[in-house]
Visitor: 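Structure provided below as structure tokens; questions to follow.
Sequence positions, counted from 1, serve as the residue numbers for this chain.
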Amino acid sequence: MALCATVPATAQTRSDESFDNELSYGINFNSNAGLIGGVFLRSSYYKRDRLYQFWAVELVEVKHPKERQIYSVRSGETFVRGKQNYMFVVRPQYGGEYVLFKKAAESGVQVNAVGAAGPSFGLMVPYYVRYSVGNQGFDDIRTVRYDPNTLLLENIYGSSGVFTGLNETNVNMGVHFKAGLSFEYGRYHESITGIEVGFLVEQFFKKPIIIPEARNSNTFTSVYLNLYYGRRK
């Protein structure tokens, strides 16, 4: 999602198709999440010929590779066996885009190399389920924090949702780096759309515990795809 810009003739010589800045936003898909990984917002600005810098922020969910939805024998609803925490990551980023192939002024595809890095704020939200504590055929259903060591699978009615544990969120700090290519479509002076594909490496200072019984790591790697929309000026 590169952009191009114009400045006075006293500065650098720039083409008429250049732009000062671009604001874009979109949806993230990645190999560490489900159907949709998250969302992002990016603000880019001209640095020099073919080079643009940007600030961005992403909010994505990171799932453990061993997560599997199973059905409750009591309700038919689903929950994740053994899960202790949701993990959402806020990623402020600073990066750059270098234009590899420019497009024509009115149409075509522009290809940019993209790189960015920044801190990672891992939001660990406790996982709650609806659980029956009744006996002798009487169901007393309560919302409790899932502990695979004390709760019986046959008494779980299903997940209670992410909002239940938000007030108990803990923050796990880390850093990340990503690199990729963006393919941008659209006319200059108008809205633009595009896709960005690449890989991301993320390292947390403390090991995030998502499923205690499975192997949990400080390092996460993923392949991602961003679909974005933006406007220039």
Visitor: Step by step, would you call Phe101 with Gln110 a side chain to side chain contact (heavy atoms under 4.5 Å, CB included)?
Guide: CA-CA 6 Å; Phe101 303 101; Gln110 183 164 295; over 6 Å; no

Visitor: Measure from the side-chain N and O atoms of Arg231 to the backbone N and O of Leu23, and report whether any donor-acceptor pair falls under 3.5 Å.
Guide: no

Visitor: Any sub-3.5 Å donor-acceptor pair from Asn155's side-chain atoms to Tyr131's backbone N or O?
Guide: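 Between the backbone of Tyr131 and the side chain of Asn155 there is no qualifying donor-acceptor contact (under 3.5 Å).
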
Visitor: For side chain to side chain contact (heavy atoms under 4.5 Å, CB included), just list the numbers for Ile210 and Glu67, CA-CA rounded to whole Å, side-chain angles, deciding distance to a tenth of an Å, and then say yes or no.
Guide: CA-CA 9 Å; Ile210 300 175; Glu67 286 193 31; 3.5 Å; yes

Visitor: Is there a donor-acceptor pair closer than 3.5 Å between any side-chain N or O of Asn85 and the backbone N or O of Met87?
Guide: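 No, because the side chain of Asn85 does not come within donor-acceptor range (under 3.5 Å) of the backbone of Met87.
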
Visitor: Can you tell me if Asn170 uses its side chain to pair, donor with acceptor, with the backbone of Met124 under 3.5 Å?
Guide: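 Not confirmed, Asn170 side chain does not pair with Met124 backbone.
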
Visitor: Quick one, Arg42 with Glu196, criterion side chain to side chain contact (heavy atoms under 4.5 Å, CB included). Give me CA distance, side-chain angles, the key distance, then yes/no.
Guide: CA-CA 13 Å; Arg42 179 183 296 184; Glu196 180 186 323; 3.0 Å; yes

Visitor: If you group Ile, Leu, Val, Met, Phe, Trp and Tyr by side-chain heavy-atom gaps below 4.5 Å, do Val223 and Leu181 land in one group?
Guide: no

Visitor: Can any side-chain N or O of Ser43 pair as donor or acceptor with the backbone N or O of Trp55 at less than 3.5 Å?
Guide: no

Visitor: So, for Gly115 and Phe54, which heavy atoms are closest and what is the spacing to 0.1 Å?
Guide: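 Looks like O-CZ, 3.9 Å.
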
Visitor: Looking at CG of Leu227 and CZ of Phe40, how far apart are the two atoms once the value is rounded to the nearest 0.5 Å?
Guide: 7.5 Å

Visitor: How long is the gap from OG1 on Thr143 to CZ on Arg145, to the nearest 0.5 Å?
Guide: 14.0 Å

Visitor: Does the Tyr71 side chain pair with the main chain of Arg74, one donor and one acceptor, at a distance under 3.5 Å?
Guide: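 No; zero donor-acceptor contacts below 3.5 Å.
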
Visitor: Taking Gln53's backbone N and O only, do any of them form a donor-acceptor pair with Tyr45's side chain (distance below 3.5 Å, no angle check)?
Guide: no

Visitor: Determine whether Val89 and Val39 fall in the same hydrophobic cluster, where Ile, Leu, Val, Met, Phe, Trp and Tyr are linked whenever their side-chain heavy atoms lie under 4.5 Å apart.
Guide: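 Unlinked, Val89 and Val39 end up in two clusters.
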
Visitor: Counting only N and O atoms by type, is there a donor-acceptor contact under 3.5 Å from the side chain of His64 to the main-chain atoms of Arg215?
Guide: yes

Visitor: Take Glu77 and Tyr157 through the test side chain to side chain donor-acceptor pair (under 3.5 Å) and record every step on the way to the result.
Guide: CA-CA 7 Å; Glu77 298 179 19; Tyr157 273 70; over 6 Å; no

Visitor: Minimum heavy-atom separation for Tyr128 to Thr164, with atom names?
Guide: CG-CG2, 3.7 Å

Visitor: Keeping His176 on the side-chain end and Ala117 on the backbone end, is there a donor-acceptor pair under 3.5 Å?
Guide: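 Not at all, since once roles are kept as given, no pair shorter than 3.5 Å links the two residues.
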
Visitor: Measuring from atom CZ of Phe220 to atom NZ of Lys63, what distance do you get when rounded to the nearest 0.5 angstrom?
Guide: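 Going from CZ on Phe220 over to NZ on Lys63, the span is 13.5 Å.
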
Visitor: State, yes or no, whether a side-chain contact exists between Phe79 and Ile70 at a heavy-atom distance under 4.5 Å.
Guide: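 Yes; the side chains approach each other to less than 4.5 Å.
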
Visitor: Is Asn218 reaching over with its side chain to a backbone N or O of Phe204, donor-acceptor style, under 3.5 angstrom?
Guide: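 The answer is yes, because a donor-acceptor pair under 3.5 Å joins these two groups.
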
Visitor: Flag the pair Ile156 / Val73 as yes when at least one side-chain heavy-atom distance between them is below 4.5 Å, and no otherwise.
Guide: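 They are not in side-chain contact.
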
Visitor: Between Leu100 and Arg50, which heavy-atom pair has the shortest distance, and what is it?
Guide: O-NH1, 3.6 Å

Visitor: Please evaluate residues Ser182 and Asn112 with respect to the criterion side chain to side chain donor-acceptor pair (under 3.5 Å), reporting the C-alpha separation (whole Å), side-chain torsions for both, the decisive distance (0.1 Å), and the verdict.
Guide: CA-CA 5 Å; Ser182 71; Asn112 309 317; 3.1 Å; yes

Visitor: For Arg142, is the CZ atom crowded, meaning more than 12 foreign heavy atoms sit under 6.0 Å from it?
Guide: no

Visitor: Do Met173 and Tyr86 land in one hydrophobic cluster if side-chain heavy atoms of ILVMFWY residues count as linked below 4.5 Å?
Guide: yes

Visitor: If I compare all heavy atoms of Phe88 with all of Val125, which pair ends up nearest, and what's the gap?
Guide: CD1-CG2, 4.1 Å

Visitor: Applying side chain to side chain contact (heavy atoms under 4.5 Å, CB included) to Phe29 and Ile36, what does each step give before you reach the verdict?
Guide: CA-CA 5 Å; Phe29 304 85; Ile36 296 179; 3.9 Å; yes

Visitor: Taking atom CZ as the centre, does Arg81 end up with more than 12 heavy-atom neighbours from other residues, nucleotides or ligands that are less than 6.0 angstrom away?
Guide: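 No, the 6.0 Å shell around CZ holds no more than 12 heavy atoms from other groups.
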
Visitor: Between Ser120 and Val175, what is the shortest heavy-atom contact and its length?
Guide: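 Taking every non-hydrogen atom into account, OG-C, 3.6 Å.
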
Visitor: Please walk me through it: do Glu58 and Tyr224 pass side chain to side chain donor-acceptor pair (under 3.5 Å)?
Guide: CA-CA 12 Å; Glu58 295 180 351; Tyr224 72 87; over 6 Å; no

Visitor: Please report the closest heavy-atom contact between Tyr185 and Val109, naming both atoms and the distance.
Guide: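 In terms of heavy atoms, the two residues are closest at CE2-CG2, 3.2 Å.
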
Visitor: To the nearest 0.5 angstrom, please state how far the CD atom of Gln84 sits from the CG atom of Asn216.
Guide: 9.0 Å

Visitor: Measuring only between side-chain heavy atoms, which start at C-beta, is Glu184 closer than 4.5 Å to Tyr228?
Guide: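 A side-chain contact exists here, since the closest heavy-atom pair is under 4.5 Å.
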
